[in-house]
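Single-structure report; data block below.
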Amino acid sequence: MPIVRKKISVIGAGFTGATTAFMLAQKELGDVVLVDIPQAENPTKGKALDMLEASPVQGFDSNIIGTSNYEETANSDLVIITAGIARKPGMSRDDLVNTNAKVMRAVTEQIVKHSPDTTIMVLTNPVDAMTYEVYRTSGFPKHRVIGQSGVLDTARFRTFVAQELNVSVEDVTGFVLGGHGDDMVPLIRYSYAGGIPLQNLIPQDRLDAIVARTRKGGAEIVNLLGNGSAYYAPAASLVQMAEAFLKDKKRILPAIAYLEGEYGYNDLYLGVPTIIGGSGIEKVIELELTNDEKEALDRSVDSVRKVMQVLQG
Ligand SMILES: NC(=O)C1=CN([C@@H]2O[C@H](COP(=O)(O)OP(=O)(O)OC[C@H]3O[C@@H](n4cnc5c(N)ncnc54)[C@H](O)[C@@H]3O)[C@@H](O)[C@H]2O)C=CC1
Ligand SMILES: O=C([O-])CC(=O)C(=O)O
């Protein structure tokens, strides 16, 4: 059988979309189609061409094109949605809900029309509610619509822990449950450095400070950038999830998954530990939680449901 390259479409060619496209190509995960609105067609083509012209130097053979025409995305193996608006200092992610829900509906209709068998990963905020919106609009089975939050939130947590201990980030594992907001639930009990529980290595007050900084990790970058939100770490997080799917790696990664009874919640997209492989979300891993942890998760779920009510009401 001839080897066929994977085709990955990235919708939204802004900061996160363009960075994701470049990282996907650098890792040769497939050929990339970068899509934005017709008014941004030339800059989108320009970004794609600029990335392609880096390929001889960087040594990758992925093709990258820019377009506003969804016909170019036909039969994508994976579609990543980063389209919409980002927050500015003083805004919460939830302030984006109405504008971005309209964008989700518009782009999802086009994606489904041209790639009815694809899998969709969603980055656009507020991401738990936006992933639900894409699921509802697409009519796809739940395992083929996945949201990104936990890889990024965990990456921030791992960065801060590694700085605190002055050890390699590679040796630190973390665990963040819940919605992608200030109520997210970093689970210290399931977090380690070199296999050693963090509670044995870091005093509780320092751990509390790391958890607090992780919860506000997005806002910390928003306030520093001044005119947008984070994009390098979010793109890297999407690419890790994309790789797990495209290579059927069956990685255990936190992801926003559709829940039907898991953790006691129904009809909800929420950040939970999952197995991501060639079918998309292949399993939601359920953990025993302490009463305090479950209460924290309930609070996070309340916040996600409030945003969803804005859309449904
Ligand atoms: N879930 C997460 O962990 C993260 C989520 N985000 C979210 O990702 C989204 C994108 O962020 P950035 O790339 O920084 O924003 P950006 O403003 O740089 O790029 C967004 C792009 O979407 C395009 N767009 C708008 N409507 C469109 C449509 N109907 N079809 C195609 N393209 C359309 C815009 O023209 C723009 O180029 C934001 O909502 C942001 O909050 C960002 C970082 C992390
Ligand atoms: O904070 C934002 O608006 C973007 C985002 O979700 C993050 O960086 O975690």
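Each ligand, and each atom within it, is numbered from 1 in the order the structure gives.
- The nearest pair of heavy atoms linking L152 to A233 is CD1-CB, 3.5 Å.
- Sparse packing is recorded around CD of E288, with 12 or fewer heavy atoms of other residues, nucleotides or ligands lying under 6.0 Å away.
- Distances between N or O atoms of T82 and those of ligand 1 include no value under 3.5 Å.
- Checking G84, G228, A106 against atom 17 (O) of ligand 1, the nearest heavy atom belongs to G84.
- Interface atoms of ligand 2 facing A230, defined by a heavy-atom separation under 4.0 Å, are 8 (O).
- Every N/O-N/O distance between R87 and ligand 1 stays at or above 3.5 Å.
- When heavy-atom distances to ligand 1 are checked against a 4.0 Å cut-off, A40 has no atom that comes that close, whether in backbone or side chain.
- Shown in contact with H180 at under 4.0 Å from a heavy atom are these atoms of ligand 1, numbered in order with element: 1 (N), 2 (C), 3 (O).
- Cluster membership check: V33 shares its hydrophobic cluster with V112, using side-chain heavy-atom separations under 4.5 Å among Ile, Leu, Val, Met, Phe, Trp and Tyr.
- With V35 as the fixed residue, the side-chain contact (heavy atoms from CB on, under 4.5 Å) test singles out one of T73, T44, V10: T73.
- Considering OG1 of T119 and CD1 of I111, their distance stands at 11.5 Å, rounded to 0.5 Å.
- Of all atoms in ligand 2, listed by their number and element, those nearer than 4.0 Å to a heavy atom of G218 are 1 (O), 7 (C), 8 (O), 9 (O).
- Using a cut-off of 4.0 Å between Lys/Arg side-chain N and Asp/Glu carboxylate O, D31 and R5 are scored as salt-bridged.
- Checked for salt-bridge contact, E109 and K113 miss the test: no charged N lies under 4.0 Å from a carboxylate O.
- The closest approach between I221 and ligand 2 stays at or above 4.0 Å for every heavy atom of the residue.
- The minimum heavy-atom distance between A48 and G66, with the atom names listed, is CB-N, 3.3 Å.
- Remark: minimum distance from atom 8 (O) of ligand 2 to any protein heavy atom is reached at R156 NH2, 2.8 Å.
- The protein non-hydrogen atom at the shortest distance from atom 19 (O) of ligand 1 is G14 CA, 3.2 Å.
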Distance-only donor-acceptor hits, side chain of residues 220-230, under 3.5 Å, sequence neighbours excluded:
unit_1 : atom_1 : unit_2 : atom_2 : d
E220   : OE1    : R213   : NE     : 3.0
E220   : OE2    : R213   : NE     : 3.4
E220   : OE2    : R213   : NH2    : 3.0
N223   : ND2    : A219   : O      : 3.2

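- Looking at V103 against ligand 1, only its side chain comes within 4.0 Å, counting heavy atoms.
- Taking every non-hydrogen atom of V107 and a distance limit under 4.0 Å, the qualifying atoms of ligand 1 come out as 28 (C), 29 (N), 30 (N).
- A salt bridge links D248 with K250: the closest approach of a Lys/Arg side-chain nitrogen to an acidic carboxylate oxygen falls below 4.0 angstrom.
- One option in I11, T16, D128 has a heavy atom closer to atom 11 (O) of ligand 1 than any other, and that option is T16.
- I37 is not connected to V107 by any chain of hydrophobic side-chain contacts under 4.5 Å among Ile, Leu, Val, Met, Phe, Trp and Tyr, and they are in different clusters.
- Listed by number with element, the atoms of ligand 2 under 4.0 Å from a non-hydrogen atom of H180 are 5 (C), 6 (O), 7 (C), 9 (O).
- Atom CD1 of residue I196 and atom OG of residue S191 lie 13.5 Å apart, to the nearest 0.5 angstrom.
- Looking at atom 40 (C) of ligand 1, its nearest protein heavy atom turns out to be N125 ND2, 3.8 Å.
- The side-chain contact (heavy atoms from CB on, under 4.5 Å) test with V161 is passed by exactly one of L198, D171, I188, V167: L198.
- Taking every non-hydrogen atom of N100 and a distance limit under 4.0 Å, the qualifying atoms of ligand 1 come out as 39 (O).
- Under a 4.0 Å heavy-atom criterion, A230 is in contact with ligand 1.
- Atom 5 (C) of ligand 1 has L123 O, 2.9 Å as its closest protein atom, hydrogens excluded (heavy atom only).
- For V127, every heavy-atom contact with ligand 1 shorter than 4.0 Å involves the side chain, none the backbone.
- Scanning the protein for heavy atoms near atom 1 (O) of ligand 2, the closest one is R87 NH2, 2.7 Å.
- By the 3.5 Å distance cut-off applied to N or O atoms, F15 is counted among the residues near ligand 1.
- Taking every heavy atom of L152 and a limit of under 4.0 angstrom, the matching atoms of ligand 1 come to 3 (O), 44 (C).
- The heavy-atom pair separating P273 from L287 by the smallest distance is CG-CD1, 4.2 Å.
- Residue contact check: P234 has heavy atoms under 4.0 Å from atoms 43 (C), 44 (C) of ligand 1.
- In this structure D298 satisfies the side chain to side chain donor-acceptor pair (under 3.5 Å) test together with Y265, K294, sequence neighbours excluded.
- Every atom of ligand 2 with a heavy atom of L152 under 4.0 Å away is listed here by number and element: 7 (C), 9 (O).
- Listed by number with element, the atoms of ligand 1 under 4.0 angstrom from any heavy atom of Q148 are 1 (N), 2 (C), 3 (O).
- Residue I85 has at least one N or O atom closer than 3.5 Å to an N or O atom of ligand 1.
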